[in-house]
Number of protein chains: 2
Amino acid sequence: MVNYSTSEENYLKAIYRLNGAEATVSTNDLAQELQTKPASVTDMMKKLKAKKLLHYQPYQGFRLTAEGTKVALGIIRRHRLWEFFLAEKLRFTWDEVHEVAEDLEHVCNKKLIDRLDEYLGFPRVDPHGDPIPDMNGKMEVSKKICLSDLPLNSTAQVISVSDHSSDILELLEHMHIHIGTRLEVRKRFSFDDSMEIKAGRQAAFTISRQLSETIFVHFV
Amino acid sequence: MVNYSTSEENYLKAIYRLNGAEATVSTNDLAQELQTKPASVTDMMKKLKAKKLLHYQPYQGFRLTAEGTKVALGIIRRHRLWEFFLAEKLRFTWDEVHEVAEDLEHVCNKKLIDRLDEYLGFPRVDPHGDPIPDMNGKMEVSKKICLSDLPLNSTAQVISVSDHSSDILELLEHMHIHIGTRLEVRKRFSFDDSMEIKAGRQAAFTISRQLSETIFVHFV
DNA sequence: AAAATAATTTAGACAAATCTAAATCATTAT
DNA sequence: ATAATGATTTAGATTTGTCTAAATTATTTT
């Protein structure tokens, strides 16, 4: 079991995140994601290639190797378990957990993380609804669709929210929408792409396009 | 509120620890304590002096300023709270907590630590019996004496153990001696400096000089 | 297909934290 | 008081991660 620096870990995590969208990640995208310069990215890519954590040929973009993916999932596991801990045990709100977990995730001790997992009751999703990889790096990938794409009158359940700011938290709290809330779309208004939804036992209400594009659901 | 590097924090913590014994700490002692070289210590001392965390004139040793002491106590607070968490919530044993806490202590977020403190019920001592500084850096300094110096037939309570290895843990577990155990010395044997003690409601038994010199107690 | 533009890499520099080896200062013993 | 010894500092090098500016490669446009 090799250990990686905080910097290496942040690069791996970012590549994993971006890799979802495209097959290969570009230097500029990664620089943007990590708030750094393209030249720094190139330097690090050489290093991670030498450690066999990613495939990389100059000018051709890069993608994680199987080993790189395993390492990235380990980091994501740590991050999301700490987020769960912070929200569940220390009463942190949604928008506060990420920043603290960014630091805690780099404390890499298998026993610590596995015991924390057990202590928390083996949670399967973090406070934003994102799945937590298990001890073996397995992660539930439920087929999630954007609320804005949900067909009319089909029931779905909120599984995640792609924006983690306090602004959206405030709005969701006000509307009593949480991870796990069941809802259905009653009507769409093409004027502004707003939609009327019914959530839980509440009366129907409308939400904006910005909001519906941020909420992800799955069918139940 | 300034942030310090992991390295700076480790130096400050080590100086605080050594400072207890002598008024001023020497380059070699600190190098020994941190498993590094004297030249590295001198470099860091210049840096910490520039940051007004310690008093230092070349060749004269060094000691923490008021600010340096405050920072050191903050690190010790974090370390000991995490040790308590690991032992109490994650079922780590005594000898396992230190190493993990060495990493966790460098995650510096006031809200995290204060909430953790609250969650743990504001513990006053860590699993080895060492006092935990509170939010303001105040720490209970009970007058502790070495068990080997305890007068005959006076009752005392175990408050800490200066060795944190698994070997001593095994022995103490076997003898049912823990932090908080009440005991008294019945007899001393000058042949090998062993002593007969009575702990709790157990029958009296003898302990070696090595052990009695490692256990610290206070009168009750 | 060549020119213009965008993306990426290279070259060279810097700060932090460390090291070794040499030089300097302080202390101790004669 | 001076030589020997030990402690400490300085000088110069190394590694990691970063940067800027210049050079190179890829892509797009005409």
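Computed over heavy atoms, backbone and side chain alike; hydrogens, waters and symmetry mates excluded. A, B, ... follow the sequence lines: proteins, then strands. Residue 1 opens every chain. Every value quoted in this text rests on a predicted model; they were computed, and no experiment measured them.
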Gap between atoms CE and C1', on A:Met45 and C:dA7 respectively (whole Å): 15 Å
Ion pair B:Arg78/B:Glu9, N-O distance below 4.0 Å: yes
N/O (side chain, A:Thr42) to phosphate O (OP1/OP2, C:dT10) under 4.0 Å: no
Atom-to-atom span, NZ of A:Lys46 to C1' of D:dT16 - whole angstrom: 14 Å
Touch class at under 4.0 angstrom, heavy-atom based, for A:Thr27 against every strand present: sugar-phosphate
Nucleotides 20-26 of chain C: protein proximity per nucleotide (B base, S sugar-phosphate only, - neither; heavy atom, under 4.0 Å): B---BSS
Gap between atoms CG and P, on B:Leu48 and C:dA16 respectively (whole Å): 12 Å
Nearest-Å distance for atom pair CD/P, residues A:Gln57 and C:dT8: 15 Å
Test of ring centre spacing under 6.0 Å for B:Phe85 and A:Phe85: yes
CD (A:Glu118) with more than 12 external heavy atoms under 6.0 Å: yes
Indicate every side-chain donor-acceptor pair of residues 48-59 of chain A with a distance under 3.5 Å to a residue at least two apart or in another chain.
residue	atom	partner	partner atom	Å
A:Lys49	NZ	A:Tyr56	O	2.9
A:Lys51	NZ	A:Glu8	OE2	2.8

Protein-nucleotide distance (A:Lys51, atom NZ; D:dT15, atom C1'), rounded to Å: 12 Å
B:Ser7 side chain near C:dT18 phosphate (N/O to OP1/OP2, under 4.0 Å): yes
Parallel, tilted or perpendicular, as decided by the 30° and 60° cut-offs, for the rings of A:Trp82 and B:Trp82: perpendicular
Length of the CD-C1' vector between B:Gln35 and C:dC19, whole Å: 15 Å
No-hydrogen, no-angle side-chain donor-acceptor test under 3.5 Å, B:His106 and B:Asn10: yes
Touch class at under 4.0 angstrom, heavy-atom based, for B:Phe62 against every strand present: nothing
Under 4.0 angstrom between B:Ser26 side-chain N/O and D:dA7 OP1 or OP2: no
C:dA16 OP1/OP2 closer than 4.0 Å to side-chain N/O of B:Tyr11: no
For atom CD of A:Glu8 and atom P of D:dT18, their distance in whole Å: 10 Å
Atom-to-atom span, OH of A:Tyr56 to C1' of C:dT10 - whole angstrom: 10 Å
Distance test, side-chain N/O of A:Asn28 to OP1/OP2 of C:dT8, below 4.0 Å: yes
Parallel, tilted or perpendicular: rings of A:Tyr119 and B:Tyr119 (30°, 60°): perpendicular
